Enquirer: 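Provided herewith is a single structure, encoded as structure tokens, for subsequent inquiry.
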Amino acid sequence: MSISNLVARPWLSGICALMGLCFSGLCTVRGASADERQAHFENRIRPILVKHCLECHGDDPSELGGGLSLLSRQSALSGGDTGPAFVPQQADSSLLIQAMRYQGPVQMPPDGRLPAAVVKDFEQWIADGAYDPREESLADRPVASTTSPLASALDHWAFQPLRRASASANESSTLIDGQIDRALAAQGLKRSRPAAPVTLLRRLHYDLTGLPPSPDLIKRFSDAPTDLAYQAIVDELLATADYGRHWGRHWLDVARYADSNGSDFNATFHQAWRYRDYVIDSFNADKPYDQFLAEQIAGDLLPAKDEVARTSQLVATGFLMLGPKMLSERDKAKLQMDVVDDQIDTIGRAMMGLTLGCARCHDHKFDPVPTSDYYALAGIFRSTDVLQGEIQQYVSDWIETPLPAEPAHVAAVHDFEAREKELVAAVKQAENRLKAARSTKLNDESGIIVDDVNAKRTGDWVESVYSSPFIGVGYLHDDNRNKGQATVTFSRRLPAGHYRVSVAYTPQANRSRRTKVEWSYIDQEGSLQSQKIELDQTQAPEALPWKKLTELNLASEQDVRVTFGNEGTDGYVIVDAVRFEPIDESGKPIKRGDLASSEKESSSQADDAKVLIEQVKAELDVLRETLTRHRDSRPAPLPMAMAVRDSKQIGDTFVCVRGEVSLRGEKVARGFLRVCQPGFGQDENKQVSTIAMPADQSGRLQLAHWICDPDHPLTARVIVNRVWMHLMGEGIVRSVDNFGVLGERPSHPELLDELAIEFLRDGWSIKRLIRRIVLSETYQQATEFDADSFRIDAENRLLWRMNRKRLPAESLRDTLLLASGELDNSPSVAPVSTYGTLISENVADPKVVKASESNRRSVYLPVIRGQVNDLLIAFDFADPDLLVGRRERTTVPSQALMMLNHPWLRARSSLIAEQLAASDMSPAGMIREAYARVYCRFPDDEEIRIMSDFLGSYRDTSVSEEVVEKRALAEFVNALVASSEFRLLD
Amino acid sequence: MVGLSQVSRDSSIHFDKQSDFIRIKRCLMNRTHEDFGGLMPRRQMLTRAACGFGFMALTDLLGRQQALAMAPQKSVASGLHHRAVAKRVIFLFMHGGPSQVDTFDYKPQLTRDNGKAFSGPMPSQIDAIPKLLGSPWKFKQHGESGLWVSELMPEVAKQADRLCVIRSMHSRGQSHGQAVSMIHTGSDNLIRPSVGAWVSYGLGAENDSLPAFVALSPATAHGGPRNYGAAFLPAQHQATVIGSNGKLRDVRIAHLQPSDSREQTIGLERPAKLALIQQLNERHAALAGPDQDIEGIIESYELAFRMQKVAPDVLNLQAEPEHVNRLYGIDKPATADFGRQCLTARRLIESGVRFVQLSTGNVWDQHSDLLNGHTKNSLATDRPIAGLIQDLAQRGLLDETLIVWGGEFGRTPIMQGSNGRDHNPQGFTMWMCGGGVRGGQAYGETDEHGYYAVHNRVHMHDLHATILHLLGIDHERLTYPYAGREFRLTDVQGRVVHDLIA
């Protein structure tokens, strides 16, 4: 620290002199005088603060680390996010000291622990009352924002109640056109002319079903493109199953739907498909949107009218579980809060267009969402279970909930499981009997023998009879693996006396040279005696299989233990038996007659044992065989769902300061956002959070009711805007997932509110909303360019023309499957059932999964995180790790390369070409057919000429003419697919 | 080749891609007035940023503006926010976590205390036992700087005077998943853009015909594509991938050529078809009037065509002479694979790719059998890495190319099982080389046993901040709006460690 740095700070002027004064002599601090305290501060404390702390905790009051200023005693005592920096006289309970000791979650200073002596100085300083002469200046105080976003919340349009602007436009189809035209007229603009019938039909068909119109329908509609015909087609399309498959997918985008966890452990979501089907079915049934949301938040808590409803409501809550989770996070409290955050953030953006995630760490900087509101919601989700158990050590698993099932099915599974349990128990019992039989004492040995079957094992051991001789019915070896992981412990209570201890093994060259053997007992002084040796098992024992280990002299009855270990070994470790031979003072064996009587009887026992062993073994074989056969007859598993449930521990939770789970702030009562409460803003002082949370339920049901309240200012606006965006290309609010202060403003606020009100009146019906929009003239206008309008409104915010949209990735793929006659439009049941716990292993060279190779309609392809179908991903399919309200619209060369060279795309083109070539069509007929299948229109004469030229110019003398024709056709089809007309929706 | 008509190029096409628009606007705001000579870019200059590999990213745009303003001066090493010392990055990812105390962090006390009980604090939830395990490898001082390197890395040790070894790294994540995510994205639990994506977003590529960000043989484990993904950044900033799981395989960019080799032999086919596609596109454009999407598609085919011509040559390792193959160890089976990765990396950055990350695959995770595992992994990478450093130096590229070496964490000085080490994000070693770092130094310290970083600690956020700084980027100003707030690589943390910089 240079002097110039010091004097640059006004409050430090003159300190140098003080420091100089105090350098002489040691300061005794305990019971120190005022002078001594001052000297201690100036010598030992202030320099450290300046050098290590103030850069982040004082120099810039607007950017205080953790909100803590150490510029004065007052500021330190008023503290930061986690409370006061210190408690005078209590060093140990002072955060400052804990941080300096590097003991807690906060470790300071961040670039390295200060020397122990310095920490001690601070401890003494605090113990002595934390003398600090520095005065707080007002300028040093943290800058508090002058107006809290909460106070001015109602200034923001989205938090205001829905408003019906005028009574003029109640007629549903003119509602939209009237509003649009008014806004256009104000700028001197007007709508474009209607789109050509074939263009409109293609647009409508893709927008409503994700699939192209059939050539028949194209012909029918272009022959008679009346309003009536158009309306009939709209109603027809809304009634097809394809409608739900297309619009359900829009919701799956915001639900971050996937069939695997992704993240660090890409675990299979075996049951996620049920949620996918729930969404598709809900759209097809035109389930009221409020009910649709409520089921996803609290389907398990809602009353169900029957088992079918119960099933679908349970499945709906999968919405709360689909996020990618860092399952191997070892701090499970943090993992739980990460899951809670995913749930709050997803509900916030998907349903309310609010970015609540920001408030996890601090009050939302822009929107009226204080941290306490976030943790009010967090309490609800902390009281909800998602995770349970472990897939493997440290890696969390999640809940699967049984679904209602057919009674016969339940009974079959129940019977199966009961019988299985019975058989498993019988096998276990037989195994135990076998073990007992094998442990019978052996007759041809002297002394007390403990065989391996009676020893305690840890780790993996292999039972073997390969090398003779051995004691009992076999021996153990470690398979020369898992070194350091396996032990076998023999223990035996022995009367007082002298013993010779031996171990049994057979030698081989492949044996361990350093088998660890340790014996231990308590000696007469009560202290543990133990010794460890290394046994070279390649060497033959002196009295095969017995090798003398040691001699023991027990003064009293003792437990003696002998432990084998494979730690640090380099060959097979063999463990067979341990023998304790009583010996006399001179080391000679005491004759067996002198032993306790129980030991003498061993001879006949052993003969009996051998018979018994054979018997039990035969029994065991039969039982095992029966069990295997039984398991082969396992009935289909009972249906399960990825569904949440209320936790056993219901309660409020604490604020996590700066989002750190270990930094607990105040406890917050469960509740919702203050800003969207009924009555908010009417009375400044009134506590608006009035809904009492049940003590025995998480509060999700109440949350669902609050979100689905028709008076909630955001819910209806957000979904109406989403639907508008899918049909019109851009939302009335373009930031479809953010209606907050940082989001965009609506281009037509009155129209948005009118549509939302009509939507509510229609009973939250999405189909009616779609119908209303596509029947408007605004939707049906052309995309054509107009230079004058463009000059005034280049971004087409006022909709003087229809926006040109992208063909969604799924439609691109599905159209090709349809055109080649390959599309499999049937639902897929349990598409990832063949995968194990993990889709791909976290090993050096994992197997490659090909989960998405089929001709199914794209919505039915499994979405494997990290391995989504490459074609879909390349054309802006929603990233399943993120909530995607509005898909990216990228144009990159890799798409061009795929169009030219992707094997799947080329194969579809070739197949279509072969079908054309096999038909009896003329070249012009083939061209017309290809245009109809790919572009949904027929070519004009010039286009036929251009394509004929291309086909005619295509030559290759190395192959037959027939092959050339097919290749030329394939390239022509491929060119249509690759072109902008196919990839865009005019 | 059908080109874009002059008319459509000059028409003032509006910026459809909102996110890009915000990015440009944002970064323009972040630049001080003097940064680009007071010139505001014309709108149509921005148009192309919506397309391509991100090569028309910020700096490029602004750099061009600057070049216009200051002609005839060219090739200004202008960073985004300040002068860049490094132009590009090669990140050598040692997946699994190499042990610091067996490679670059010499701990004689650990050797002396081998086998003794460890009495210090242990992180919760680890499997290691509190017993110290000395390094089985000998350390020596190398070069004029006297940097300590173990006998595991004899070739890299010869480059000691060029290495800036950080022995006081610490990070978040006791498990691989979090730590791998942390080193790649600066977040241990959430989906965030990777370092390379941020660099691509901030700087773009130097070559119009190649991607800005390439990942060589990345692992599919521990997040896989997340670790080289763009997350919420525009998709063109994600890495182009070659190979997987530590294996480079046939060094090809997917779909650059038809996969069926028969089709490649037909001469007429491709150009004629490309011409047909562009003809269709032009007809569509003529009917539609000026349209950003159609223009974008037309241009993407031009770019794809250029890439088809350029990329195969860049990736053609056969073009290298024998002595270069030897330098990288491509002539020996043990080193051939990583050697090919290193050589490919050099060829890519030489051609203007901005950020190349290499991966050994998840091989460094020696919970047991440290001796064999680390010996094998070091052998596979030592010569290739040393070869890369030498080759770059010889070509005069090392000064402007930043090499970063390291794993997601280090390993414990205490033992797991009888002969392994557990994960250790509490203190570990990474090193940098070239690209404006101060070589021949070891920065920071762990404790006497090499367990915890204790002196001049460098958090992963700090390393990220420093890498961006070397590239001319202020880590606090390279931001992107998403989900209601401005995100950056270093979250709300990160300090540039100036002592690492020459």
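Order of the sequence lines sets the chain letters (A, B, ...), proteins ahead of strands, with each chain counted from 1. Not measured: the values here are computed from a predicted model.
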Enquirer: With a 4.5 Å limit on heavy-atom distance, are the side chains of B/S368 and A/Q485 in contact?
Expert: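 No, too far: nothing below the 4.5 Å cut-off.
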Enquirer: Is A/I946 in contact with chain B via its backbone, its side chain, both, or neither, using a 4.5 Å heavy-atom distance?
Expert: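 The side chain, not the backbone.
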Enquirer: List the atom of B/G173, the atom of B/A179, and the distance in Å for their closest heavy-atom pair.
Expert: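 So the minimum-distance heavy-atom pair works out to O-CB, 3.7 Å.
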Enquirer: For chain A, which of B/L287, B/L190, B/D188 has the most heavy-atom pairs under 4.5 Å?
Expert: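 Going by pairs under 4.5 Å, I would pick B/D188.
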Enquirer: Quick check for you: among B/R226, B/K247, B/H170, which has the greatest number of heavy-atom pairs under 4.5 Å with chain A?
Expert: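 Answer, by heavy-atom pair count under 4.5 Å with chain A: B/R226.
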Enquirer: What part of A/E942 is in contact with chain B, defined as an atom under 4.5 angstrom from a non-hydrogen atom: side chain, backbone, both or neither?
Expert: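 The answer is the side chain of A/E942.
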Enquirer: Checking heavy atoms, do the side chain of A/K334, its backbone, both or neither come under 4.5 Å from chain B?
Expert: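 Contact with chain B: side chain only.
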Enquirer: Measure distances from A/N566 to the heavy atoms of chain B and classify the residue's part below 4.5 Å as side chain, backbone, both or neither.
Expert: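 No part of A/N566 comes within 4.5 Å of chain B.
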Enquirer: With a 4.5 Å heavy-atom cut-off, do A/R801 and A/D786 have their side chains touching?
Expert: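 Result no, sub-4.5 Å side-chain heavy-atom pair not found.
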Enquirer: May I ask you to name which of B/A221, B/A304, B/S175, B/G289 has the most heavy-atom pairs under 4.5 Å with chain A?
Expert: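 Top option by heavy-atom pairs under 4.5 Å: B/S175.
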Enquirer: Which bit of A/N738 is near chain B, if near means a heavy-atom gap under 4.5 Å: side chain, backbone, both or neither?
Expert: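 Interface part for A/N738: side chain.
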Enquirer: Would you mind checking which part of A/F265 comes under 4.5 Å of any heavy atom in chain B, side chain (CB onward), backbone (N, CA, C, O), both or neither?
Expert: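 Contact with chain B involves no heavy atom of A/F265 at all.
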Enquirer: Please test B/R457 against B/E445 for salt bridge (Lys or Arg N to Asp or Glu O under 4.0 Å), starting from the C-alpha separation and ending with a verdict.
Expert: CA-CA 7 Å; B/R457 288 153 43 97; B/E445 283 172 29; over 6 Å; no
Enquirer: Counting only non-hydrogen atoms closer than 4.5 Å, does A/F982 touch chain B with its backbone (N, CA, C, O), its side chain (CB onward), both, or neither?
Expert: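 Neither the backbone nor the side chain of A/F982 comes within 4.5 Å of chain B.
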Enquirer: Contact part of B/N227 toward chain A, heavy-atom cut-off under 4.5 Å: side chain, backbone, both or neither?
Expert: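 B/N227 has no heavy atom closer than 4.5 Å to chain A.
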Enquirer: Less than 4.0 angstrom from a charged side-chain N to a carboxylate O is my criterion; do A/R256 and A/D342 meet it?
Expert: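 Judged by the 4.0 Å cut-off on N to carboxylate O distance, A/R256 and A/D342 do form a salt bridge.
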Enquirer: Checking heavy atoms, do the side chain of A/R983, its backbone, both or neither come under 4.5 Å from chain B?
Expert: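 Contact with chain B involves the side chain of A/R983 alone.
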Enquirer: Salt bridge check: are A/R889 and A/D876 linked by an N-O gap of less than 4.0 Å?
Expert: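 No, this pair does not count.
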Enquirer: Taking the basic N atoms (NZ, or NE/NH1/NH2) and the acidic carboxylate oxygens, is any pair closer than 4.0 Å for A/E567 and A/K516?
Expert: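 Here A/E567 does not pair with A/K516 in a salt bridge, since their nearest N and O are not under 4.0 Å apart.
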Enquirer: I'd like to know if A/E329 and B/R172 make a salt bridge, using a cut-off of under 4.0 Å between side-chain N and carboxylate O.
Expert: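 Looking at A/E329 and B/R172, the cut-off is not met.
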Enquirer: Tell me, out of A/E981, A/R804, A/Q393, who's got the most heavy-atom pairs with chain B below 4.5 Å.
Expert: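 Of A/E981, A/R804, A/Q393, A/R804 has the most heavy-atom pairs under 4.5 Å with chain B.
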Enquirer: Between B/G229, B/G223, B/G417, B/A231, which has the largest tally of heavy atom pairs under 4.5 Å with chain A?
Expert: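 Highest number of pairs under 4.5 Å: B/G223.
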Enquirer: Hey, are A/E971 and A/R906 close enough for a salt bridge, meaning a charged N less than 4.0 Å from a carboxylate O?
Expert: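 Result for this pair is yes, salt bridge flagged.
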Enquirer: Looking only at heavy atoms and a cut-off of under 4.5 Å, which of B/Q416, B/R495, B/H176 has the most pairs with chain A?
Expert: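 Max contact count across the listed options: B/R495.
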Enquirer: Select, from A/H364, A/K483, A/K325, A/M947, the one with the greatest count of heavy-atom pairs under 4.5 Å involving chain B.
Expert: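 Most heavy-atom pairs under 4.5 Å with chain B: A/M947.
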Enquirer: Between A/R113 and B/D447, is the closest basic N to carboxylate O distance under 4.0 Å?
Expert: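 Answer for the salt bridge query: no.
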Enquirer: What part of A/D879 lies closer than 4.5 angstrom to a heavy atom of chain B: side chain, backbone, both or neither?
Expert: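 The side chain, not the backbone.
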Enquirer: A/S328 versus chain B, heavy atoms under 4.5 Å apart: side chain, backbone, both or neither?
Expert: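 The answer is both parts of A/S328.
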